[in-house]
Engineer: 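One structure, pasted below without further comment.
When reading the values below, keep in mind they use all heavy atoms of this one structure, side chains included, and skip hydrogens, waters and symmetry mates. Protein chains get the first letters and strands the later ones, always in sequence-line order, with residue 1 at the start of each.
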Protein chains: 2
Amino acid sequence: MNGGLMGRLKLEALGKSLELVREQDGRFALHYVDQRLLPKRFERVSTREWRRVVDAVKTLAVRGAPAIGVAGAAALALWCQDGEGSIEDAAHEIASARPTAVNLSWAVKKAVEAVSGVDHVSRADCLFDLVKQMETEDELTNRAIGANGAELLEPGTRVLTHCNAGSLATVFYGTALGIVYAAFEQGKVERVFADETRPVDQGARLTAWELAQAGVPVTLICDDMAATVMAQGLVDAVVVGADRIARNGDVANKIGTYGLAVLAHEHGIPFYVAAPSSTLDAAISDGSHIVIEQRDSAEVAEPIKGVDVYNPAFDVTPAHYITRIITERGVFRPGELEFPSE
Amino acid sequence: MNGGLMGRLKLEALGKSLELVREQDGRFALHYVDQRLLPKRFERVSTREWRRVVDAVKTLAVRGAPAIGVAGAAALALWCQDGEGSIEDAAHEIASARPTAVNLSWAVKKAVEAVSGVDHVSRADCLFDLVKQMETEDELTNRAIGANGAELLEPGTRVLTHCNAGSLATVFYGTALGIVYAAFEQGKVERVFADETRPVDQGARLTAWELAQAGVPVTLICDDMAATVMAQGLVDAVVVGADRIARNGDVANKIGTYGLAVLAHEHGIPFYVAAPSSTLDAAISDGSHIVIEQRDSAEVAEPIKGVDVYNPAFDVTPAHYITRIITERGVFRPGELEFPSE
């Protein structure tokens with residue numbers, strides 16, 4: 001146990017995972033880390049093409065519910081700078097890039113509303129400002145989630161996490177890993193177990209790498225080892241992110257989250273979900289209304305003749321398996337969430 | 001539901017996954033399928049070198065508890081044909097190739113006992129006969145397991161399995177998949193969900209391929225999708241193999257089995273373990289005494305600086321999560337197993 005040591009967090013080198021940048025000619029571009037290349041290469045792409053941003057979201061070059069929200073608004077800003085046709089069509093195309101994370105449609109809707117009534121010449125600048133504001137708010141929100149969640153953890157905590165709800169999944173700092181970072185700086189985190197997170201390996205490629213960059217002790221495990229590390233008493237808390245949270249507290253998140261919640265429950269380990277309020281969907285009563293994205297079987301394996309492949313990208317964890325949901329507004333029992341519209 | 005249709009099993013094309021073969025010069029060689037090459041290539045290797053068989057077991061070219069038992073006896077037969085030094089040293093080296101599956105040490109011990117008192121000139125032939133007998137018994141045992149287990153399944157059953165306890169894991173026919181094959185021929189199996197089984201992907205590379213060859217409908221899923229297909233009501237029974245079973249019915253099997261057992265329990269799905277009596281270890285009272293093999297981290301991922309990797313190859317499922325254990329002798333509650341020494 002090094003629970004008494006204050007952790008020295010080295011997160012700044014990561015920088016923002018995406019950001020709208022005004023360039024020398026006065027026009028702006030989206031700079032983003034192409035997460036498909038990690039952990040081999042940490043590279044930023046710069047683009048002024050709104051459809052390239054849509055493709056980046058579809059292909060998981062940019063992923064993570066909070067990050068794709070900002071990317072969606074940025075794509076619409078780029079459309080306003082250069083695009084043709086109706087803004088409604090562009091907004092629909094952007095918001096449809098991925099169906100499950102509500103942050104995407106939430107951010108695109110917010111962007112459309114922001115330029116409603118604004119003249120065509122000023123729309124791009126208006127959305128540039130909105131995206132810059134979203135970038136700033138993202139980090140503030142994540143730091144608030146981190147501070148709220150860190151209060152739940154005791155010194156010496158071993159955290160298990162799934163997928164990547166880290167700085168890479170947001171503009172900066174992360175949601176689930178935001179809690180880890182805040183708690184680590186308070187000397188409370190001994191180690192993080194990162195699930196590989198098949199089929200796209202966000203845990204192995206992104207979370208393990210990100211935590212190593214940040215200086216947080218991390219052990220990579222395969223998804224099918226989580227039950228064993230729990231049974232061995234190596235896990236004190238499970239902390240994950242979310243893609244959409246229903247009014248009753250049901251949580252859609254990366255496939256595998258539900259199974260972890262069942263296993264945590266069986267082992268008496270608290271199960272925490274971290275998300276900004278933009279992940280809360282007041283419009284749906286429970287998780288049964290959440291559309292689960294089905295992705296290409298090639299993500300799972302090369303084709304074998306006669307073998308079918310099932311590849312749901314998300315699952316729904318019923319509220320009763322969730323100990324607490326942590327937002328920037330506080331720590332909530334799943335059924336007692338504060339929704340932004342309230 | 002195609003529960004009313006009798007399945008047409010096409011298993012013969014697979015042939016034996018390993019077999020001792022007398023060649024033209026009167027000496028014998030072990031022929032085995034190199035399972036590291038599947039599903040891309042289905043290739044048999046022929047060797048007369050006992051240490052190459054040990055390497056095949058260590059590197060998982062030959063794997064599966066029943067198969068490595070026969071391979072161990074075959075390695076000792078090859079040593080008797082050509083080897084130097086003491087038989088005890090060779091037997092120890094062979095039996096130590098992998099620690100968890102008791103079948104390996106069981107078969108090597110049986111081989112050593114078979115040539116105790118036999119003159120050096122006759123030992124190789126004596127062990128050739130023993131291995132051929134083991135090969136025959138393996139298939140008979142598996143067919144008996146299959147017949148016993150098939151009685152537990154209703155028409156229309158959707159089975160979920162983990163790792164490969166199929167024909168490839170035995171000489172022929174398989175244990176867990178032996179039950180699937182027997183039930184499929186009786187028209188009882190609608191579909192098998194095959195877990196990918198990280199990190200070595202025995203489910204994706206071997207089980208999915210083997211079932212497709214056999215003509216059994218199969219859907220490949222990632223390990224972290226198992227809970228979701230259970231929650232969706234797509235699974236009627238979980239059927240897995242075993243590497244070692246303790247007197248109290250605790251079962252060591254491929255990593256991930258324990259988590260599946262917990263999930264099956266939570267979803268009210270029966271959890272069946274199929275194994276020959278040679279997998280029963282009367283010498284240990286419970287699963288806490290089973291040595292769990294730790295394998296190289298490179299199986300999980302390429303190294304990332306600052307990232308630790310944990311890679312236990314097996315886990316232990318407590319008896320109380322197991323509905324029934326099926327051997328060639330019948331169907332047992334975990335605590336009421338018939339051990340061979342009784």
Side-chain angles (χ1 to χ4, degrees), chain A residues 39-40 162 191 193-199 201 204-205 208-209 211-213 215-232 234 254-263 265-267 292 297 299-302 304-312 314-316 318, chain B residues 39-40 162 191 193-199 201 204-205 208-209 211-213 215-232 234 254-263 265-267 292 297 299-302 304-312 314-316 318:
Chain A
K40 291 200 174 161
H162 191 67
R191 176 163 295 273
F193 288 92
D195 275 358
E196 182 177 37
T197 317
R198 292 285 300 151
D201 301 345
R205 294 188 304 106
W209 179 85
L211 288 168
Q213 302 312 301
V216 178
V218 56
T219 298
L220 172 63
I221 59 170
C222 295
D223 301 305
D224 56 5
M225 297 170 189
T228 285
V229 297
M230 288 183 188
Q232 290 173 339
L234 299 175
K254 180 55 54 198
I255 187 74
T257 302
Y258 165 59
L260 275 185
V262 172
L263 293 171
H265 182 260
E266 183 79 2
H267 292 89
I292 299 297
S297 64
E299 278 184 355
V300 174
E302 290 180 34
I304 301 177
K305 195 181 167 198
V307 176
D308 298 326
V309 174
Y310 183 47
N311 186 17
F314 302 93
D315 58 27
V316 174
Chain B
K40 292 200 174 161
H162 191 68
R191 178 164 293 274
F193 287 92
D195 275 357
E196 182 177 38
T197 317
R198 292 284 300 150
D201 300 345
R205 295 188 304 106
W209 179 85
L211 289 168
Q213 302 311 302
V216 178
V218 57
T219 299
L220 172 62
I221 59 170
C222 296
D223 302 304
D224 55 7
M225 297 171 189
T228 285
V229 298
M230 289 184 189
Q232 290 173 340
L234 299 175
K254 180 55 53 197
I255 187 75
T257 302
Y258 165 61
L260 276 185
V262 171
L263 293 171
H265 182 259
E266 184 79 2
H267 292 89
I292 299 298
S297 64
E299 278 184 355
V300 174
E302 289 179 36
I304 302 177
K305 195 182 167 197
V307 175
D308 298 326
V309 174
Y310 183 47
N311 186 18
F314 302 92
D315 59 25
V316 174

Engineer: Taking B:Ile292, B:Val309, B:Ile255 one by one, which has the highest count of heavy-atom pairs under 4.5 Å against chain A?
Structural biologist: B:Ile255
Engineer: Measure distances from B:Val216 to the heavy atoms of chain A and classify the residue's part below 4.5 Å as side chain, backbone, both or neither.
Structural biologist: neither
Engineer: Find the one option among B:Ile221, B:Asp195, B:Thr228, B:Asp201 whose heavy-atom pairs under 4.5 Å with chain A are most numerous.
Structural biologist: B:Thr228
Engineer: Only pairs of heavy atoms separated by less than 4.5 Å count here; which of B:Gln232, B:Met230, B:His265 has the most with chain A?
Structural biologist: B:Gln232
Engineer: Which atoms of B:Ile304 are under 4.5 Å from chain A, going by heavy atoms: the side chain, the backbone, both sets, or neither?
Structural biologist: side chain
Engineer: How long is the gap from CZ on B:Phe193 to CG on A:Asp308, to the nearest 0.5 Å?
Structural biologist: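 If we round to the nearest 0.5 Å, B:Phe193:CZ and A:Asp308:CG are 9.0 Å apart.
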Engineer: Looking only at non-hydrogen atoms, find the nearest pair between B:Val218 and B:Ala212 and report the distance.
Structural biologist: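 The pair with the smallest heavy-atom distance is CG1-N, 4.2 Å.
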Engineer: Chain A heavy atoms under 4.5 Å from B:Ala301: which part of the residue, side chain, backbone, both or neither?
Structural biologist: side chain
Engineer: Side chain, backbone, both or neither: which part of A:Asp223 has a heavy atom under 4.5 Å from chain B?
Structural biologist: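 Only the side chain of A:Asp223 comes within 4.5 Å of chain B.
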Engineer: With chain A, which of B:Gly215, B:Pro39, B:Ala194, B:Ala227 has the greatest number of heavy-atom pairs at distances under 4.5 Å?
Structural biologist: B:Ala227
Engineer: For B:Arg205, give me all partners under salt bridge (charged side-chain N to carboxylate O under 4.0 Å, His left out), at least two apart in sequence or on another chain.
Structural biologist: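 Partners of B:Arg205 by the salt bridge (charged side-chain N to carboxylate O under 4.0 Å, His left out) criterion come out as none, since no residue qualifies.
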Engineer: Does any heavy atom of chain B fall under 4.5 Å from the side chain of A:Val316, the backbone, both, or neither of them?
Structural biologist: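 Interface part for A:Val316: neither.
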Engineer: Do A:Met225 and A:Glu196 come within less than 4.5 Å of each other through their side chains, counting heavy atoms only?
Structural biologist: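 A side-chain contact under 4.5 Å is absent here.
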Engineer: I'd like to check B:Tyr310 versus A:Cys222 (side-chain heavy atoms, cut-off strictly below 4.5 Å). Are they in contact?
Structural biologist: no
Engineer: For A:Lys254, is it the side chain, the backbone, both or neither that has a heavy atom under 4.5 Å from a heavy atom of chain B?
Structural biologist: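 Contact with chain B is absent: no heavy atom of A:Lys254 under 4.5 Å.
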